[in-house]
A.B. asks: 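Sharing a structure here in structure tokens format.
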2 protein chains.
Amino acid sequence: MKDVAAHARVGLKTVSRVVNGEEGVAPDTRLRVCASIDALGFRRNDGARLLRQGRTASIGVVLEDLADPFYAPLVRAVEEEARAHGALLINGSSAEDPERERELVLALCARRVDGLVVVPAGDDHRYLRPEMDAGVATVFVDRSPGLLDADVVLSDNAGGAREGTAHLIAHGHRRIAFLGDRPDIQTAAERLRGYRAAMADAGLPVDPAWVSLGPTEPARVRAEAERILTGHAPVTAFLAGNNRVTVSLVRVLAGRPRPTALVGFDDFELADLLSPPVTVVAQDPALLGGTAAGMLFRRLAGAAGAPRRVTLPTRLLARGSGELPPAQG
Amino acid sequence: MKDVAAHARVGLKTVSRVVNGEEGVAPDTRLRVCASIDALGFRRNDGARLLRQGRTASIGVVLEDLADPFYAPLVRAVEEEARAHGALLINGSSAEDPERERELVLALCARRVDGLVVVPAGDDHRYLRPEMDAGVATVFVDRSPGLLDADVVLSDNAGGAREGTAHLIAHGHRRIAFLGDRPDIQTAAERLRGYRAAMADAGLPVDPAWVSLGPTEPARVRAEAERILTGHAPVTAFLAGNNRVTVSLVRVLAGRPRPTALVGFDDFELADLLSPPVTVVAQDPALLGGTAAGMLFRRLAGAAGAPRRVTLPTRLLARGSGELPPAQG
DNA sequence: TTGAAAGCGCTAACAT
DNA sequence: ATGTTAGCGCTTTCAA
């Protein structure tokens with residue numbers, strides 16, 4: 001820019017004015033400046049500009065895995081909102097590792113992102129306190145932060161699991177298994193709670209053998225499902241704790257002669273084309289992301305007040321697998 | 001940082017030294033500085049730091065849609081590579097709109113990203129020439145840039161389509177339809193070319209009614225498929241031009257009494273659980289992304305030389321739908 | 001071992 | 001209408 005000013009024989013500020021389309025530049029001066037800009041191939045450095053302005057027009061997004069079919073639309077929704085506000089997205093995957101999450105978040109704060117959308121992985125987010133006090137607006141999505149009071153947008157995990165379980169009960173099932181994620185993952189714990197609540201509502205006992213929480217790789221889920229199906233008290237239905245579990249269960253159940261009912265958690269593409277079509281408790285990831293981003297930008301626009309907690313409802317999509325009657329024991 | 005220096009009664013540079021772990025600070029000075037840092041809650045501003053250093057340690061990613069199941073793993077792979085090099089990802093979706101892509105890319109360049117990974121949407125990327133000359137390393141993925149010579153990583157789209165078509169021919173089909181994306185999208189054109197080549201190889205004519213290129217919303221694909229199936233020269237097999245078309249076709253074909261063979265393009269989750277399981281020509285999106293990012297960082301590390309073009313092979317995954325024999329005409 | 005000064009590229013505040 | 005100065009928060013150079 002300095003070079004442009006010299007080349008056009010004008011002051012630095014005049015170039016700045018032209019570049020930013022400000023008023024108060026004589027037409028022919030403007031022309032001369034533009035010519036110099038073209039001649040030198042000048043492009044404004046937004047980094048420097050934003051440094052001066054004290055913002056970065058960018059917001060950070062940290063979540064487990066960018067490529068997960070559940071999170072990808074969430075990010076996309078945040079992106080749309082950011083775009084509407086002229087901000088760019090900087091993002092990173094935490095790979096469900098609290099330490100990596102922390103590094104990522106702090107790296108983003110060090111770059112002075114204006115705001116942060118985080119799907120928390122760990123259970124202690126006090127490290128964010130100083131950053132938030134320093135002015136980084138932060139909204140958590142999908143799970144609550146640990147030991148930190150902040151804006152958060154959640155799905156009604158307990159309610160959804162409860163509804164899914166009740167649905168199975170309404171279709172005659174009394175022995176229902178729950179296969180979910182590690183109990184230290186909040187959503188998993190909530191869903192387990194909903195499952196138990198529905199069983200209790202119906203006065204049904206829960207055999208400990210029916211509940212399995214842990215990593216959701218296919219191999220483990222498969223093994224657990226087999227165990228539950230062939231154990232001393234086989235179930236007639238499953239409630240899956242997340243999308244990965246649902247898919248694994250579909251695979252296991254497809255290979256068995258006797259039909260077993262299944263309600264999945266999270267919707268997925270082609271669920272309606274499987275046989276039987278898969279009944280699921282659906283969340284709306286795009287709405288989660290959009291809502292969170294909306295709150296974030298409202299904060300950035302100056303909205304004060306205590307941290308808000310928003311819970312979005314889930315929706316039971318009955319497609320077939322959840323309406324199968326109990327197999328004859 | 002200035003405040004820290006004042007508080008610790010040392011020079012600015014000494015604080016800088018401590019913050020960056022540089023040598024040459026007396027132990028007790030260092031201690032005093034650290035104490036002041038904690039007392040004031042100081043965090044280094046990486047934006048300012050990088051401004052001074054003339055890089056940003058961030059790379060831009062621009063593609064059609066972050067949430068697309070094909071692109072999400074690609075981005076993820078770029079992210080891993082970036083992480084290994086200490087860089088963050090800034091990204092945006094072009095929504096297949098050349099103008100939006102251009103804006104996004106230029107916004108990223110204005111922020112002086114060190115490098116750029118782009119899945120091009122338009123067909124004229126000359127606007128990038130000045131940026132690349134100015135030092136923004138750029139690698140294109142999945143499609144070639146228009147009117148610009150640059151590094152690019154592609155799948156063998158023509159080869160894949162040819163193999164898929166030949167597979168259908170080998171299973172006895174002679175009337176095969178191709179339903180693909182708009183012909184101005186390069187990958188779509190390439191795949192059409194592969195389809196035609198395979199048909200020609202086998203000495204088979206291609207009825208113009210069998211080929212349909214255009215937007216891939218479900219409604220249009222559905223209508224076109226119905227038209228082709230009920231027209232004067234119905235086909236016995238389909239080659240789908242991309243993942244969205246594949247899914248739409250699965251839906252259409254599932255609703256018909258007479259089984260019709262199908263080979264999809266791009267693999268998708270659960271393809272093996274449908275009935276019949278769906279045969280596809282699979283690309284490896286993560287490998288595309290990883291390869292592109294690898295090339296990018298090699299350039300950033302100083303690798304010179306002419307632009308490189310890498311083509312990755314596709315893989316035919318025979319699962320059932322592509323091995324169905326032709327229905328009796 | 002330490003620090004003062006200059007400067008990265010820009011904009012805000014105040015001249016002229 | 002235009003220019004000058006200061007400064008965003010840091011690093012680099014060079015001197016002490």
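Below, chain A is the first sequence line, B the second, and so on; all start at residue 1. Heavy-atom basis, side chains included; hydrogens, waters and symmetry copies ignored.
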A.B. asks: Using a strict threshold of under 4.0 Å (side-chain N to carboxylate O), is an ion pair present between B/R83 and B/E79?
C.D. replies: no
A.B. asks: Could you state the CD-P distance from B/E23 to C/dT2, rounded to the nearest angstrom?
C.D. replies: 13 Å
A.B. asks: What integer distance in Å separates A/M1:CE from C/dC10:C1'?
C.D. replies: 6 Å
A.B. asks: Closest-nucleotide mapping onto DNA chain C: is B/A26 or A/R17 further toward the 5' terminus? I mean the 5' end.
C.D. replies: B/A26
A.B. asks: Give me the first and last nucleotide of DNA chain D, going 5' to 3', that has any atom under 4.0 Å from a heavy atom of chain B.
C.D. replies: D/dC8 to D/dT12
A.B. asks: Bend across the helix from C/dT1-D/dA16 to C/dT16-D/dA1, to 10°, with axes taken over 5 pairs at each end?
C.D. replies: 40°
A.B. asks: Answer with base, sugar-phosphate or nothing: what part of the nucleic acid does A/V19 contact at a heavy-atom distance below 4.0 Å?
C.D. replies: nothing
A.B. asks: CG of A/L50 versus P of C/dC10: gap in Å, rounded?
C.D. replies: 11 Å
A.B. asks: Under the ring pair (Phe, Tyr, Trp, His ring centres under 6.0 Å) test, which residues partner A/F297, sequence neighbours left out?
C.D. replies: A/H85
A.B. asks: Given C/dT11, is OP1 or OP2 found less than 4.0 Å from the side-chain N or O atoms of A/R49?
C.D. replies: yes
A.B. asks: List the residues meeting side-chain contact (heavy atoms from CB on, under 4.5 Å) with B/R17, not counting sequence neighbours, and say none if there are none.
C.D. replies: B/K13, B/T14, B/E22, B/V25
A.B. asks: If a pair satisfies ring pair (Phe, Tyr, Trp, His ring centres under 6.0 Å) and one of its residues is in residues 18-74 of chain B, list it, with sequence neighbours excluded.
C.D. replies: none
A.B. asks: With salt bridge (charged side-chain N to carboxylate O under 4.0 Å, His left out) as the criterion, how do B/D46 and B/R44 come out once you've worked through the C-alpha distance, each side chain's angles and the decisive distance to 0.1 Å?
C.D. replies: CA-CA 6 Å; B/D46 273 352; B/R44 179 179 66 194; 3.1 Å; yes
A.B. asks: Holding to side-chain contact (heavy atoms from CB on, under 4.5 Å), I want the full list of residues that pass it with B/L12, two or more places apart in sequence or in another chain.
C.D. replies: B/M1, B/K2, B/A5
A.B. asks: Please list all pairs passing the side chain to side chain donor-acceptor pair (under 3.5 Å) test where one or both residues lie in residues 106-127 of chain B, with sequence neighbours left out.
C.D. replies: B/T56-B/D114, B/E101-B/H125, B/E101-B/Y127, B/D124-B/R126
A.B. asks: Check nucleotides 5-8 of chain C against the protein and report each pair of N or O atoms closer than 3.5 Å, with its distance, or say if there are none.
C.D. replies:
unit_1	atom_1	unit_2	atom_2	d
C/dG7	N2	B/R52	NH1	3.0
C/dG7	N3	B/R52	NH1	3.1

A.B. asks: State whether B/T29 places a side-chain N or O below 4.0 Å from either non-bridging phosphate oxygen (OP1 or OP2) of C/dT2.
C.D. replies: yes
A.B. asks: For B/E22 and A/R30, find the nucleotide of DNA chain D closest to each by heavy atoms; which residue's nucleotide sits nearer the 5' end?
C.D. replies: A/R30
A.B. asks: Which residues pass the side-chain contact (heavy atoms from CB on, under 4.5 Å) test with B/D97, not counting sequence neighbours?
C.D. replies: B/E99, B/R100
A.B. asks: Taking only residues at least two apart or on different chains, which pairs with a member in residues 84-96 of chain B satisfy salt bridge (charged side-chain N to carboxylate O under 4.0 Å, His left out)?
C.D. replies: B/E96-B/R143
A.B. asks: Is there a donor and acceptor pair closer than 3.5 Å between the side chain of B/R112 and the base of C/dG9?
C.D. replies: no
A.B. asks: Taking only residues two or more places apart in sequence, or in another chain, which ones meet B/L31 in a side-chain contact (heavy atoms from CB on, under 4.5 Å)?
C.D. replies: none
A.B. asks: With heavy atoms under 4.0 Å as the rule, sort A/N20 into base, sugar-phosphate or nothing.
C.D. replies: sugar-phosphate
A.B. asks: Run A/N242 and A/D266 through side chain to side chain donor-acceptor pair (under 3.5 Å) and show every step you take.
C.D. replies: CA-CA 6 Å; A/N242 70 29; A/D266 296 338; over 6 Å; no
A.B. asks: For residues 284-305 of chain B, which residue pairs pass the salt bridge (charged side-chain N to carboxylate O under 4.0 Å, His left out) check, not counting sequence neighbours?
C.D. replies: B/D151-B/R299
A.B. asks: Provide, to the nearest angstrom, the distance between the CG atom belonging to B/D28 and the P atom belonging to C/dT1.
C.D. replies: 12 Å
A.B. asks: Using a 4.0 Å heavy-atom cut-off across all strands, classify B/G54 as base, sugar-phosphate, or nothing.
C.D. replies: nothing
